[in-house]
Each structure stands twice: as C-alpha cells, then as structure tokens.
Amino acid sequence: MADRIEEHPILGVVEKGRKVCFSFDGKEIEGYEGEPIAAALKAAGVMVHRYTQKEHKPRGIFCAIGRCTDCVMIVDGVPNVRTCITPLKEGMAVRTQYGVSDKAFEEQ
Amino acid sequence: MNSVNDRSRDIGEYVPAEDDDMLICRCEEITKGEIRRAVHDGMWTMTEIRRYLRAGMGLCQGQTCSWLVKGIVARELGVSPAEIEPATSRVPMRPIEMHIFAKEGDTDEE
Amino acid sequence: MKRYDLIIVGAGPSGLSAAIEAAKKGLNVIVFDENEKPGGQLFKQIHKFFGSKEHRAKVRGFVIGRQLLEEAAEAGVTVKLNATVIGLYQDKEVVVKQGAGIKHYKADSVVIATGAAENMVLFPGWTLPGVIGAGAAQTMMNLHGILPGKKILMLGSGNVGLVVSFQLMQCGCEVVALVDAAPRVGGYGVHASKVARCGVPFYLSHTIVEAEGEEYVKGVTIAEVDDKFRFIPGTEKHFEVDTICMAVGLSPMSQLLKMAGAEMTDDPRRGGQVPVCDKYGRTSIPGVFAAGDVSGIEEASSAMIEGRMAGVIAAQFLGYIDKEELDKELAELDKALDGLRQGMFAPANRGKLIEKTEEGIDISSNLLKKGYVADDEIDRFPGVTHKKGIHPVIECTQNIPCNPCQDACPKKCISIGDNITSLPIAVYEGDCIGCGMCVASCSGQAIFLVDEDCGDGSATITIPYEFLPLPKEGTKGVALGRNGHVVCEAEVVSVRSATAFDKTHLLTMRVPKEYAMTARFFKEAEREVSR
C-alpha cells in the first residue's frame, strides 16, 4: 500500500481502524474500517469513481469533503453516495457509477 | 438602476469562442458556450441561468461552479462579477434524499 | 422544538471560539457541523501558526484544534457532528439534517461560522480524476493518511498553495512545480522560501494550458501569460504528473445568511458574497452574527478572534453581560485582531504591490518572482548579520505579524520590539549559545544557526527539518541553496529533537566555509534515488 502514509513527520504514526475487506466492481480489496470509502479506493489505486451521464467522462475525488459530489458511486446498491465522506464498512459493495446506474452505458 | 438590470443595454450578438466547449457546471455538464449563449438569450441573473440551463442545479447545488458562472456572465455583460445578482438561497442547503426530506419534523425530540 | 440561547453553525476555529466565549458567559450553546469531525480546517493545518502568544503563535493548527475542543467541552458547549444545517428561517429557526431525520431548533441568537469554499479555475481537462482542490489534498494526507498523488503540480502561490506544497513534500510526495498566473508570489515569503529551498521551481506569470490524460491525469502543460493573462506562444512547459492541485482562493459560504434575509454585499476584497456587518460581525438581522471566513476570507488566527467577538456580543445581546463588560472585552479583542491585521499582508494591503519594508528596505524581487531571496539580496535584512562563533541568521524579510522568535531566545539575541510586524533584528551583543530555540520557534522556518568559520575551513549550519526519514549524525549528502539547487557536499554533524522544538528537528550540517551563507537545506545522498 504505497499510497498510504505510515508515519508522518508531524502527525506521527497514522492511526487506522480495523482492516476490512470490501468489493470494488466485484473485486475484493482491503481498507480500514471507518475511513472514507474514497480513501480506501485511492490507496488501492482507483482513480475513476464514475462516468458522467451526458458526456460519459470520468470523475474522481475532487473536493474530498462532500461538497462537489464528483466522487459519488453506487454503494450497496444506492447510487449517488459521496464516497469521500462515507465511512467504509466490512463487506461493502462499491461500484463505479455510470450516469446513475451501475451498468455500463452500452448495457443501459 | 444599475447597469446589470438595464435591459435596454445592447450587449451584442453571441460570438462563438474557442473555449466554448469548456465544461463549467460539473454536475449538470453545462459548457461555457451554453452559458454565454444564455446570456445573449436574456438570462442575466444567476437565478435565470440556473433555471434556464440547470447550471448549478445538480447534486452539488452550485458549490463549485457558482463563482465560475458568475464570472462568465459578468464578462459577457461587461460588468464586474460583484454586480451580478446571486442566486436565491433556499432550503435545503445540501442535497438531501427525498425520503428524509419527507419525514421533516417526524423525528423524536432529544 | 428545542430552544437554545445560541446556535452556532460551523465548528471550525471561529464557531468553536464563539461557542467557548458565549458558554463561559452562561449561554446555553449548541454548535452544528456537517462534518464527521469538528475543528474545520484546523486539523488539516500541521504548520506552526504565526502571530504572538495571544494568537497561539508557534502552536500547530491541529493542536489549536484540540485545545479549542477541550475548552469547548469544559465550558459546557454541545457540539453536534454530522449535523447539516439546511435552513435558517425567520425568528432564528434552524433546520438541521441529522442522520436520516430533519429537526427544527429555535435559537435566541445565531452565529454563522460556515467558513469558505474553494475556488477553482478552468483549463481543458480540469474535470479529470487527479485534478483536486488543495483542501482535498490536505484532507487526504493530514486526516486520512493517504497520499494525494506522487508527482504533483500546485497551482496557486498564496499561503494555501505554499503551505500545502510543503505538506505534500512532508508526506513524501514530489511537487514538480508551483505555478501562479499572477506575476508575484501571493503568500508569505517565508512559506515560499521553505518550499523553494527543497527544490520546487516556481513559475509565476504562468498558468495551466491543459491537463492531459484520458481516464485520469498523466501530465500537464503550463505556459507563460502576458499582463492580460493571455498565453505567450512558445513558452509551454510540460510535466509528467499524476495530480494537479488547485489553491486559487476561497469564497465565503454565506448562503445561510442570505436565506435568513440578512443584507448581503459582493465584496471582492472579502472574497465574494458576504453579509453586510460591522467589525464585530453584527449582521442586518438583530441577533444573527457572522464570524470567520464567511464574512471575509482571512487566516484561522483572525477567525478565532472574530468568533470570540461574536460570542461575547451574543452574550450581551441576550443580557448575560452588560454593555460595560462587552466594551471591555471587545476592546481587548480589537487589539488582538488589529495586531494580526497589520503588515504587508494586512487586508487593507490586498492587491497592493509593496516594494519596501516598514524599515525602508527593498523587498527581495527574487522572493516575489521565484520564491526565494537571492544570495546577493539577503545581507540587506536586519536579521542577517555576520559575527564570529555561532549566531542566528534570521531570513525574515517581509513585515508579517509574528514574534515568537523574540521570546524564544534565552539570551535575547533576537529583537522585534513592540511593533509585531517589524523585521527581527539579530542583536550583535547577544551571546548565542546555539540552543536552537529560535530555529524551532520560527513558524516560517526562516531562522538558521550559523557558525561561519569553525577554524578548520568548514562552517556549520543548523536548519529546521520536518521530514522523514530523519538523517542521522554522519549522514552524507548535499546542501541545497535557497533556490533548491545543490551548492556543495554536506555532512550531518548533529540532529537534535526535543519536546520544546515541537516536531521541528534541528539538523546541523557541516559545509565548506565559503557556503556558510548560501547552504540552507540538506538532502541525503541516497534519498534522491529512493524517492
């Protein structure tokens, strides 16, 4: 997990919750309980959270504080979940959002 | 009357620009060209632009693009952004699922 | 519907400060914040704050956040998190979304302390994943322990852009360039200098032409702009980056006040749409007050004082204190706030080009264009003196309201005087013992201990060091100049760490004596490769 800061020169050792498994588009990945879903995805190298409705353009983390809504994904079947402020739980099913669906545009 | 509301003012025709396809409203995917054209269609206030194009009416409610839209409208009208009438502020300030909104007040007092 | 004497929206520096003051006066106070954690931006601020003791200077932002939360708890303030205020109605009825419910509360007074939102600028590719706000970078690295990227370009040379660039390097990211369309660095020179000496090139009068990549950012092209901000053909520069970070200003989040019917104005000097209010935050609605960035963009230090003002004013509004007590308290807070609003970066000086310091010294033009004071400019500042033996070299070259260095020296080698914005003077008679308290106390990391001639052809330079891994005694590497370029070989002769230094380590390096006044940073030999 090269994208995680293990020890910070000012903040010290970064405290994390329990390690948990969740799925991203059906693939099992690991993260820490309670951290934002977006943080766990970022640590796993996931950049694209969704594709837009009209232009089908990729979007990812932008504001990271729940304002811009660019990082929304389908979490446990619910669309438009702001992953940057939604805490990760064991077993969550996180899916890329295409428009407002979890089906790729050509399947919609 | 300030110059922004002076509808007799001639702001000229819409002239296409190179960066008209730049996306401004990230949520509703509205471009700079659409906003510029809307100004020439007579939409001079932020509220008008919102209703006409839905720019700033998406999930984030204009949190990101408001000041960009304002800048574009101001430029098109040849005024300072400070003169552009801001959009109405109303409840809810943040996106809320309808089922929560529907239960307003329907919760226990602490 | 539950009633409170005072409802505060926003648990950042101003909201919490307002809550503490009001609760101390006996008001029944509740603070709502939409975030999962309180403190606003304070917990993302890991640098030491500027100011004087009364402004909590040299304390790191996140520590101030903890202190405020403790004080709030002691004062009996209730802080409700994950509680989004979605509406402010007539008669101070506050509508709050909490979990899956919406509740209404009645307040007798309200403090709006909702802070600000980040501005963004447009360029082709600005919607690509990997283009983020500076606040997002801070949130990821300082709250969640996640690297925002590996190779990053920063757009914006204001204090946010500078501070976040430094923070990115502290957690191990590479900042490939700091870019600003403005012709001059917008933030404090000391913040710029600590970034520049690490080797980050500054591109002023430059902006982003395009972010490249299909699915996410893979590169970025910048180009120089003329005085009308038009690209100058042929000046394009390309960088391979995975992240572009925008720090291009903030806008007040004042919508709640507008909703409540407060008179609003659009004031570019305050950052956009703000309530019409007096200097203490009284809006046009009696009993509704504004504090912090929502009423004009400033630093967290001033937000805290504005919050305290709003707190005591609310107390007087509801009769908990009388006019006399209010005036007494406000007089004190006024003084504290005025202290912060002085110097080159004072709100009144925004947008002005200042060419001379208060002392009449020419401001370094290199500092404003490239982020560092050039070697041939540094000697004209009063903190830079030469003497035999170890002594402080204070590279503080702009008038900013900050004075912890003056109190830090047990031997009184550093003097600022009563005017908090004066440039620190190295007192020649002072007998430096090399304790390093000044180095660690300088929030701008602008103080060095230098022994210009150790007698064996070498010089030693003690620098503040806040990176990992911490080099050890004997570590060999290179010394970098103020511009971040290698000036000579260097060896670490000591590394001192102490609780009093508060995570700023004092790294002393030995260099050939001719580099005593140019070597200002240390880079370990292998680290360059491994990074």
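Residue numbers start from 1 in every chain, and the chains themselves are labelled A, B, ... in the order their sequence lines are given, proteins ahead of strands.
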*Inter- and intrachain pairs under side chain to side chain donor-acceptor pair (under 3.5 Å), touching residues 99-108 of chain A, at least two apart*: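 Qualifying pairs: none.
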
*Checking C/K80 against C/F32: charged group under 6.0 Å from the ring centre and within 45 degrees of the axis?*
no

So which part of [X] gets closer than 4.5 Å to some heavy atom of chain C, the side chain, the backbone, both or neither?
| X | value |
| --- | --- |
| A/R67 | side chain |
| A/I85 | neither |
| A/E7 | both |

Given heavy-atom pairs under 4.5 angstrom as the criterion, report whether the side chain, backbone, both or neither of [X] touches chain A.
| X | value |
| --- | --- |
| C/T139 | side chain |
| C/E214 | backbone |
| C/N142 | both |
| C/K44 | side chain |
| C/M141 | both |

_Around atom CD of C/E215, are there more than 12 heavy atoms from other residues, nucleotides or ligands closer than 6.0 Å?_
yes

*With a cut-off of 6.0 Å (strictly less than), are more than 12 heavy atoms of other residues, nucleotides or ligands near OH of C/Y216?*
no

Picking from [options], which has the most non-hydrogen pairs under 4.5 angstrom with chain C?
| options | answer |
| --- | --- |
| A/V14, A/I61, A/L11, A/D70 | A/L11 |
| A/P58, A/C71, A/C84, A/C63 | A/P58 |
| A/P87, A/C68, A/G66, A/P36 | A/P36 |

*For the student: nearest non-hydrogen atoms of A/F22 and A/K89, plus distance*: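 In this case the closest contact between A/F22 and A/K89 is CB-O, 4.3 Å.
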
*Angle class for the C/H47/C/H191 ring planes (parallel below 30°, perpendicular above 60°, tilted otherwise)?*
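The rings of C/H47 and C/H191 stand perpendicular, inter-plane angle above 60°.
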
*Best-contacting candidate, C/A117, C/C171, C/G130, against chain A by heavy atom pairs under 4.5 angstrom*: C/C171

*Are any of the side-chain nitrogens in A/K16 or A/E6 under 4.0 Å away from the carboxylate oxygens of its partner?*
no

*Considering only NZ, NE, NH1 and NH2 on the basic side and carboxylate oxygens on the acidic side, decide whether C/R60 and C/E466 come within less than 4.0 Å.*
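Result for this pair is yes, salt bridge flagged.
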
